[in-house]
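Notes follow the structure.
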Amino acid sequence: MTDSNFAFQQPDWPALLLEARRAEAAAHAGPRTACFYARRTLELAVAWLYQAEGGRGGCPPMPYKADLSALLFEPSFQQLVAPSVPTRWM
């Protein structure tokens, strides 16, 4: 796939781009598959954010469990992303 809604990720996050393109490609033919890859993309992005913030000394503490929901709802993570990612609907 040459055109993608996620091409902007190429310079900084090529691994995210690969997973996002997989989700995009499966959107019509296999919606369940698309959901799998969309979630995988989100998991990779959240893991990257935890790691990147750790390099700045502002790493959110790891929650009681390392699953996506616990990572997203860690209070310090929500404080970090609150202005840009609405989490109240989750």
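Just so it is clear, the values below take in all heavy atoms, side chains as well, and ignore hydrogens, waters and symmetry mates.
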*State whether Arg21 and Glu24 are salt-bridged, where the test is any N-O pair (Lys NZ or Arg NE/NH1/NH2 against Asp/Glu carboxylate O) under 4.0 Å.*
no

*Got a second to check how far Trp13's CH2 is from Glu19's CD, nearest 0.5 Å?*
16.0 Å

*Gap separating the CH2 atom of Trp48 from the CG atom of Asp12, nearest 0.5 angstrom*: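 Between Trp48 CH2 and Asp12 CG, I get 8.0 Å after rounding to 0.5 Å.
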
Give the minimum heavy-atom separation between [X] and [Y], together with the two atoms involved.
X: Leu71; Y: Pro63; value: CD2-CD, 3.6 Å
X: Ala23; Y: Ala34; value: O-CB, 3.4 Å
X: Leu16; Y: Ala45; value: CD2-N, 3.6 Å

*Please report the C-alpha distance between Glu43 and Arg40 in whole Å, then the side-chain angles of each, then the deciding distance to 0.1 Å, and finally whether the salt bridge (Lys or Arg N to Asp or Glu O under 4.0 Å) criterion is met.*
CA-CA 5 Å; Glu43 289 171 344; Arg40 173 143 172 78; 5.1 Å; no

*Spell out, as yes or no, whether a donor-acceptor pair under 3.5 Å connects the side chain of Thr41 to the backbone of Ala20.*
yes

*Tell me whether Leu42 is reachable from Leu49 by hopping between hydrophobic residues (I, L, V, M, F, W, Y) whose side-chain heavy atoms are closer than 4.5 Å.*
yes

*Cluster overlap Leu44 with Leu18, hydrophobic side-chain contacts below 4.5 Å*: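 Hydrophobic grouping puts Leu44 apart from Leu18.
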
*Might you work through the side-chain contact (heavy atoms from CB on, under 4.5 Å) test for Val46 and Phe77, ending with a clear yes or no?*
CA-CA 9 Å; Val46 169; Phe77 179 82; 4.2 Å; yes

*If you link I, L, V, M, F, W and Y whenever their side-chain heavy atoms are under 4.5 Å apart, who else ends up in the same group as Tyr37?*
Phe36

